Structure formats: C-alpha cells, structure tokens
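Heads up: the structure comes next, in structure tokens.
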Amino acid sequence: MHKSLLTACLLLTTITNSPAQETLTVSGQIKDAADGEALPGVNVVVTTLQVGTTTNAYGHYSLRLPAGAHEISFSFIGYESIVRTTDPHQDQVLNIEMRAAVIELGQIAVSAHQADEHVESIEMSAAELDIQTVQRTPAVLGEADVVQTIQLLPGVTTVREGAAGFNVRGGAADQNLVLLDEAIVYNAAHLFGFFSVFNADITKDIKIYKGGSPAQYGGRLSSVLDVRQKEGNAKEFRGKAGIGVLSGRLLLEGPVANGRGSYVIAARRSYGDIFYNAFSSDKSTAHFYDVNFKGNYNINDNNRLFISGYRGRDAFKVADIFGNAWGNTTATIRWNLFSRRLFANFTGVFSRYSYDSDTFTAGAEHNWLSHITNYKLKADFSYSLSEGNAVNFGASTIHYNFTPGTIKPIGKASSVVPTELDQQNAIEPGAYLSLDHQLTDFISLQYGLRLSAFRRQGAQDLPAYRDNQPIVYNETLSRYEAGVVDSVISFGERENIQSFAGLEPRASARWSLTEASSIKVSYNRIRQYIHLISNTTASQPLDIWRPSGPFVEPQTANQIAAGYFRNLQDNTYEASIEAYYKKMNNQIDYVAGADLTVNNNLETELLKGEGRSYGVELMVRKRTGQLTGWLGYTWSRTERQVPGLGNGDPGINNGRYYPASNDKTHDLTLTTVYALKPRWSLSTNLVLATGPPSTFPASRYEFANFIVPQYETRHGARLPTYHRLDLGLTYTTANENSWAFTIYNVYNRRNSASVYVRQNENDKLVTEAVQTSLFGILPSITYNRNF
Amino acid sequence: MKNILIAVWLSVPVIMGCERVVNIDVEEGPERLVVEGRIERHQDDRAVAQSIRLSTTAPYFSNEATPVVSGAEVIVHDDEGTTYLFAESSRQAGMYENRDMRPEVGRTYTLEIDLEGESYRAVETLLPVAPIDSIYQQFEKANSFEDGGIRVKIDYQDVPGREDYYLWEQFADDVLQAEPDPGNSLNFVGSDEFFDGEHVIGFEPNQEATVKSDQLVLVRQLSLSKEAFEYYFLLFEETGQDPLFPTPASLIRGNIENLTNPQRYALGYFGASEVDTAELQIVEERGP
C-alpha cells in the first residue's frame, strides 16, 4: 500500500511540472444573481482549449491556463450561460453572478447542473437531488422528506416502512455517513423513523455516494449522504411559511452588512399533540421540532466565514407514566479561503445525539440519559495544477465521548440506585491525498489514499477474559455464553486502550467513448470505527453506539463498481447501468436474546461475521422538459455469514451465507413530475420491491402458560412483495405560493411492516400470524407561502 | 411498548397502524423434548409436591395442546447424593411428581431424564429470595395505556450486596394472570441491578392485570438464577411481541442438555427457586 502512496507522489510531481510554457490562473466564485447563493457544480469551460472544470461545493473554481486570451463559458442548467474573455497577461479573479433562465410556462426547471455531467463527470455510484425534486415527490402526509426521496434511487432501500434509516447497497443503517453542513448526524429520524430530520425549506442540495466516494470522506462503510443548507438571501429579506397535515414551518432569510453576508433561520414543529391536548385532559404530548440556522460573512474576496447549527428534538410524554425526549444538536463553523490556485476549507464541528427519558413506574421512578458527542476539526485543500488536474488533500480529527447511560432516581420514593454505565472515549484522526488527473482527452482519473486511525482511550475499566474469549460456546447446551472474567484492567484518563490504523485506497476512472457515452470504474476501501448496537430493524430513539476496541474490531468494506453511462437525445435523458460488488468484514451480529441496552460488557453477546452485496442498478433520468423524473431498477443480493467462534460452534444458520435483513432481490421505482399546464404539476411514485427476509417459527411448544414459537433458521422466509403508488398535485400561484395535495398509497395496499406470530387472545391454543401495516391510503394537503 | 403506537397516534392525527391475521407457510422443524420443571422451597417450610412436565414441540399451526411425553424415567438428585424419583402422575399424563422432597436453599439439584434411549440432564442451584413485606390493593385511574381498576401492589426489601433475580406470578381466584404483552419481559421478571439493597415499595407483580372485588389474589415471589432470569426474559419477550416494533425472532435455549445427541437439544428449563407467597382478599374500591 505504501507503494501506491509513492506512485501518487510521483504522479503529482509529473503533473505539476508538466507545463513548460508560462501559465496563468483564472479563479473565482459563482453565485445566483437573485439571492447570492453560491452555485456548486457550474460548468466552467475554456471554449478555445476544450478544457474545463466545475465549481466545488462552495461555488469556487480555479483553472490553470497557458498565457493568452481565452474565452470561458459558464453554464448551468436552469441558468443563462455567460461567456467571458480572460486577460491574456495576468492571473485573474472572475466572480460571476448567474441569472436563472426564464422558464417557459409549463416547463419545470429543476436540477441546476451541468448538461453532460452525467457522462463527463468522473463520479459514479453517486446521485444528487435538488430540493425541488424532494419537494415535488409525494411523501407520507405531504411532508417533503429527503430520506424518503433518496430511497427512490436505485441501490438505496429501507428494510420496511418505519424502519431505522436507509440501506445503501446492502449496507446497514449505521454505515451511512449523514452530514448536515459537514456535521455528523447520528440519527436522521423523527417520529420513530417515519420522517427525517432535514427540513426541506432550508435544504439546498443533497448528494449521496453509494460507492466510489472521494478520499475526503471516511468513517462509514456504505454511503455518504451530504446535505447542505442554504446560505440565505444576500440581496433582500425574504420569508417562507408553510403548513401541512403534520407540521408547520417558517423560514426567514436576508442580507447582513450590506450584502457582505447573509443569514437564514428555519423552524418546523409537528402539531398533532396540540389537537390531542385540546380533547384530552391528561398531560400527554408527542411532537418533534427542528431549528436550523446558517449565517455567512464575506470578510473579503478571498475569505468567507460560515456558521451553521441545527437542533431537533422529539418529545414524547404520557401522563404520569413516562416522558422522553431525544434528538441531534450540531454546530459548524467554517472558514473558506480562496486564492488563485488554492481553495482551503477549515471546519470545526460539534455533534451530539442524546436520549433522555423519565420513567414514573411506582417505586422505580428514574431518569435515563445517554448520548454520543463528538468534536471534529478538519482542514481541506484543493490546489489546481494544470488544465483538468488538481490535487485535494486534508486532515481531520474527531474526538468522541460515548455515554451509554446515566441512571438517576426521581423523587424520594424511588428505590432506584444511581448507576452510571461505562463511558467510552476515542479519537479518530484521518488524512487524505487525492488527485484529479486528466490523462488524455478521453480518460480522466481520480485516485487517492486515505489514512485513518482510531485510538480508544481511558478512563475505563475493562475486563480481561479467560483465553481472551469474551464469548464462548457451551457445546452441551448448544448455546453461547459470556466468557469468564479473570481480572479487570484499569486504564487512566487518555491512556491508550487500543489503537487501529489502516489505509483506504480510492480510485475512479472515466473513459469517454463518445460525446454522449462513457465507461466508469471505481474501487474503494473504507474503514468504520464506531458501531450502532441494535438487534431490531425498528427505529428506536435509544441509540447505543460503541467504539472499536479490544473486543470489537473496525469494520472494513471493499467495493468495486463498473458502469456504462449514456446521454440520449442531446442530454435530455441520462441513462446508466452499474454493477457493483461489495465485501464487508468484521460485521457485528448478536447471539439470541442479547441484552443490548443495560450492558457494560456487550462483547459477551457479539459474534463476528461477514457480509457481501452485489447487484446491478439501472437508471434512466430526465431532468428537463415537461416531464421530469427517473426510472430505477435494482437487482441485488445482500448476504451475511456468521461462522461463529471457529471451534465447531454453529454461528448463525450453521455458518452458511444467508439473506441479510435488508436483502431485496428486485427493487423498481418510477418517480415523475409532469407539468400539466401552467401552474399545475402532477407527480407520481411507483414502488415495487421484493419483500424483505423474515423468520417464521418451525414449531411451537408450551411453557409458563404460553405457547412459545421455536425458530430453527434465521431469515428462512420472506414478507410479501411491497408495492404502492403515490400521487401529488401542486398548484403554484403567480406569487410562487403553492398548494400541494398528495395521496400516499393511492390504492391502499396493505404492505407488511412485519409479520409476527402470537397466541389468539381468546383461545390460546390457536396460534396466528399477524401482519402489521403502517400506512394505508393517506391523503394530505400542504400550503406554502412566500413573503 | 404500546407507547410507540400511541406516540405515532398523538403526533399524526390519522390512523396508520393496522393489523390483520394472515396465512404464512412455515417449515416443519424437528420434534424436540420440552421440559418444564422447578424445584420449589417455600419460605414457610410447607411441604409441597414437586413436579416436572414433559411434552414435545408440535407444528406451529397445530392449534391443539402439544403432545405430552409419557414413559420417561425422571430423577432428581441433590449435591449430597440423595436421589428422588419422579413418577408419572396417574391423573395427568406427562406430569412427573415427587412428594417427599424437602428442598433447601444453597443446594444444587440435577435433573436426569431417560427417554427412548437418550439421556437428558440439567443442573440448577436453589437461591434464596427476599420475602414479600406487604401486599395491598390500590385503585388506578385509566390513562393512555391502561384501563382503570384495582391493582395489586407489594413491598419487599432487596438484600444488599447480593445479585438477585426475581420471578413474580399473580393468581386471581387460582387463575394465573399471564397474557402475552410486550411489557411482560420487564414486569414478570426483574433483577436488582438498579435496586440493590433497596426497599421496593408499590411494585405491581402484574402491571397489565386488574382485579375485581371479592377476588382472592395470590402473589408468588420466586428467586431465579441469572441463567433462569435470562431464559424467562427472552421467553416473555418472544411471546409478547410488539406489533409495530417486533424483536427479532430468536431461539430460546434453556439449561437442558442432551447427553446422547447434543444436536437434538431439548427445550424448556429446569429451575430451582425459593418462594414467598402473599394473599389478599380484594375489597370494593372506586376511583376518586
């Protein structure tokens, strides 16, 4: 692996030294003329040389060109193109404001992006969504939802409605790096997984990497979901308010310091509990809210400062029985430094997910508080070398504190003894170097290396198990048991408990076949050091994350992907077919009946396994015109193998590969928006997917007055096929206010959220299988108003 | 965990959850021996018949009592070498009884079963249990979770410095009150992990059940080993699935070994408990 680092350095030297003649730099920022928002992904092309670049996530670009006057074209779908000629003799800063194109009535302008980006970009296994698409996609209760929308993309699924998070290419829900303005979001769900924490009003764009993720990202095996918030209108004060069946929303934005900066603040709250309280006398509530903030200030042309923050809570209280609240808090401060050839981004991030519950069981009243908190420092640099070539490098470090549970009695009558579960601490440093390398006119490469490390540190007392085995197999009883603790080792404050480090090579290549078609391949390796401990597919507010350490090794994934990308009819249709194979090592599985919440020694309940996922994803997308949307189809297999401890023990399913809980053989989605006539648009979703694996009993027996199901094989059966159709109708007034009517699950399909077995309530000798469905037909209405 | 359903209900003013009984195809697993037995010692030293029930598994949807096992040779011996023969009851097939045993706290008991050429064994130590200090009734108003009605409560003093595991059984007019419920695993069994040495007041041995006036209620408080506690926890979890958020189906393995053929493991549990009981005659009571 050190060889590849060396090769990278050599290549870097070659690229840097290649221009023999004098070169000049053209750089700048591109913004929307209407509100001053930075525009990422704008195509910047030197027409005279046929080379170019695109603006980065902050709207910045930089080009190295041979001396001489060049014509540069700035183009972006949905915006009027601009052409400028450069100064032939010196470096130049060209800041551009682009105007949104006048849209013909009946046409929908979506997807501000470069027309041929699909085939030209080196990126594969990635998809970006603009927020308009999210807002026009019919969703549960009309609540525009980022996570529900990305699940319509091929390769992105959820185990079932209401399940925790999402699954990318067979990955578990904790294998997604979810970023909100670069802050890690540990739990992206509101209301037990039915809605996500991203308020669409303040969301600017969303990008998901299913594979081939650039070297700057690390820490999660299966995907990066990068959600960016708007910067706020730098030209004038604006507001937006909306009300739907579920929640009410308000957004305010405007300039500060004469347009040198801007701010945006948004809030959202569900209000169902208000109705409930009007009709009920008990002091119960259940609601969620989000507050988002972002501000930026241009210190000068070369320096820009951002701050952004998020706080969301779900609260749930039932009379005098219990109350709990949970949610994420994040804060980001970022400094962008632009110079002619260098773009630098320094970021400091705070993230926390906490869960706080009060239980008022008589005699056992107590409060439970658990959280995961991190501080992250990060520096990213991008340096343009010559036409089409750039080097990206950076470093980061994350400091984690995991507090799984602090339990305190409430009131004098409580007999609960104050208890503190062991806290864990860790540091995760990382560094990367990556090159964008245009090898020939047809071949582009992006290759790099990430070095990640993890240091688990004290203070903590850890058990030392006999023969170093935290879990053992009892052959006579055919079951797994906790290992024997021989002694306890105390680690002091910041003392190294165990450290891990590893290299993560990343590489992508694009070979242009024609102007409208290309072939892309990619490989990446990713390491993940923290693990969400959950043995249920349901979304639970009490999330227990565990760091790698003496008993839990880092997870690793290696993924290769290859695809054919083709645009049709002058970039009107983007089509792609991708195949991937992903191998995941050191996956965690649990022995039967593991107690995961109140457990300092979770390692006694864990088995190590492997996962593999492979599949083919097909997507046809249309971004402009009267009809927009996409058709996605995925054929895939996701399997797990848990061989056990390796001394004749059965593991799970006797160590054979078996379908993972998120395995769906076929997954078809059709998502469209059709401009019916001026001001009216009709949107539809059609989803059809194989039912996920399930475990059904093999027999029954009687014990303790209950009929007990006996299970022999895990995931030996499947739930029924999932399908549904959603419709949405949006009317937009002349003032850009809108009415949206949606019907989720139009034909009222009773999809299975789960199937479980039970004894009949009246005759316990009769056992039955019960299917739970969540959403039947669900109409809703939403009104949005701008001011 | 009905709470979750209610949370959804409260936040979203529409009905979403929906349950219906469906037909599913199930595999047919191997027939396995099921052992349900517990050596009990009462705190008041009263002599009781000890019994062990043997049955087998049956197809999941057989919808009748599972077959009992007759003709097995069942003995229990203690760590002093005394052997007790359990003879099959003439009144109830599959039930093996012994009336001479006087179990003691701290003794270890070994069950041995010979059945159709296979030998099974289980070992359990009888641990002490804290006594029930008092038993009383209290009227609870209806709330979002529960119907209003009379509930039975007990107080007990946990023994400090000792790891204790409890099992509670509540009978109303001799009928065990045990309905499948997601809360059972956190109610019928408990550990003193967060209550060590505390005087526990107002504990409800069955949080789901209400009782009626004139009923005679019997509460049994039993000691469990850690292993037995884990067994019952899982058993109550599996039999009381939450409709919206079911726990993954998992195999519940008890402490019965098949010495002849470990692959053909038996199910169930052979336990040993100290028991304290308390009775309460329920009187008329209405809410305020």
Side-chain angles (χ1 to χ4, degrees), chain A residues 191-192 246 270 272-273 275-276 282 284 286-287 316 318-319 321 362-363 407 413 415-417 419 475-479 535-536 538 592-593 695-706 708-712 716 754-756 758-759 765-776 778, chain B residues 3-4 6-7 10-14 16-22 24 26-29 34 36 55 57-61 63-66 143-145 176 178 180 194-196 198-203 230 234-235 238-239 241 243-251 253 255 257 262 265 267-268:
Chain A
L191 251 180
F192 307 99
L246 181 72
S270 72
D273 57 317
F275 287 112
Y276 177 83
D282 69 26
S284 301
H287 65 260
F316 174 40
V318 176
I321 300 177
I407 298 146
S415 36
V416 169
V417 182
T419 311
E475 209 165 317
T476 51
L477 287 173
S478 330
R479 71 176 181 200
N535 68 347
T536 147
T695 308
F696 294 152
S699 57
R700 65 142 96 181
Y701 60 97
E702 292 166 19
F703 197 92
N705 258 34
F706 288 108
V708 188
Q710 160 71 5
Y711 299 98
E712 302 277 346
S754 65
V755 170
Y756 70 101
R758 66 175 181 203
Q759 62 192 59
L765 284 181
V766 174
T767 42
E768 55 200 18
V770 183
Q771 172 190 291
T772 316
S773 310
L774 289 182
F775 304 112
L778 209 57
Chain B
N3 48 358
I4 289 167
I6 292 168
L10 286 172
S11 322
V12 182
V14 288
M16 297 195 300
C18 155
E19 272 183 32
R20 65 172 180 183
V21 173
V22 291
I24 56 170
V26 293
E27 57 177 324
E28 202 165 308
V34 180
E36 181 171 16
S55 58
T57 57
Y60 189 74
F61 292 110
N63 290 353
E64 55 186 21
T66 53
N143 59 42
S144 318
F145 289 108
L176 177 68
F194 302 119
F195 301 94
D196 184 46
E198 292 289 317
H199 189 219
V200 178
I201 297 166
F203 176 76
E230 286 167 354
L234 201 55
L235 182 92
E238 286 292 330
T239 53
Q241 287 287 5
L244 268 187
F245 299 92
T247 42
S250 57
L251 171 66
R253 286 288 295 123
N255 64 346
E257 289 174 61
Y265 56 80
L267 298 167

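Labels below follow one simple rule: chain letters A, B, ... track the order of the sequence lines, proteins then strands, and each chain is numbered from 1. Just so it is clear, the structure is predicted and the values come from calculations on it, not from any experiment. Hydrogens, waters and symmetry mates play no part in the numbers below; they use all other heavy atoms, side chains included.
- The greatest number of non-hydrogen atom pairs below 4.5 Å with chain A, out of B:Leu267, B:Leu176, B:Val26, B:Val200, is found for B:Leu267.
- Remark: A:Thr767 pairs with A:Arg700, B:Asn63 by the side-chain hydrogen bond (donor to acceptor under 3.5 Å, both in side chains) rule, at least two apart or across chains.
- Heavy-atom distances place the side chain of B:Thr239, and not its backbone, under 4.5 Å from chain A.
- Within the 4.5 angstrom heavy-atom criterion, atoms from both the backbone and the side chain of A:Ser478 approach chain B.
- Taking B:Ile24, B:Asp196, B:Ile201 one by one and counting their heavy-atom pairs under 4.5 Å with chain A, the maximum is reached by B:Ile24.
- Heavy-atom distances place no part of A:Ala413 under 4.5 Å from chain B, backbone and side chain included.
- For B:Phe203, the ring pair (Phe, Tyr, Trp, His ring centres under 6.0 Å) criterion is met by B:Trp168, not counting sequence neighbours.
- Here A:Thr476 contributes atom OG1 and B:Tyr265 contributes atom OH; the two are 14.0 Å apart, rounded to the nearest 0.5 Å.
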Side chain to side chain contact (heavy atoms under 4.5 Å, CB included) between A:Glu702 and B:Val34, worked out: CA-CA 8 Å; A:Glu702 292 166 19; B:Val34 180; over 6 Å; no
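- Within the 4.5 angstrom heavy-atom criterion, only backbone atoms of B:Glu64 (N, CA, C, O) approach chain A.
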Is there a side chain to side chain contact (heavy atoms under 4.5 Å, CB included) between A:Tyr711 and B:Glu238 once you walk through the steps? CA-CA 11 Å; A:Tyr711 299 98; B:Glu238 286 292 330; 3.5 Å; yes
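- Between chain A and the residues B:Pro180, B:Ser55, B:Gly202, the most heavy-atom pairs under 4.5 angstrom are made by B:Pro180.
- In this structure, chain B has a heavy atom under 4.5 Å from the side chain of A:Phe706, while its backbone stays farther away.
- Considering only heavy atoms from C-beta on, B:Leu251 comes within 4.5 Å of A:Gln710 through its side chain.
- Taking all atoms of both residues into account, the shortest heavy-atom contact from A:Val755 to B:Val22 is CG1-CG2, 4.4 Å.
- A salt bridge links B:Glu19 to A:Arg758: one of the charged nitrogens lies within less than 4.0 Å of a carboxylate oxygen.
- Between B:Phe61 and A:Ala769, the closest heavy-atom pair is CE2-N, 4.0 Å.
- The most heavy-atom pairs under 4.5 Å with chain B, out of A:Val766, A:Val708, A:Leu477, come from A:Leu477.
- Using a 4.5 Å cut-off on side-chain heavy atoms (C-beta onward), A:Glu475 and B:Pro262 make no contact.
- With rounding to the nearest 0.5 angstrom, the CZ atom of B:Arg20 is 13.5 Å from the CD atom of A:Glu768.
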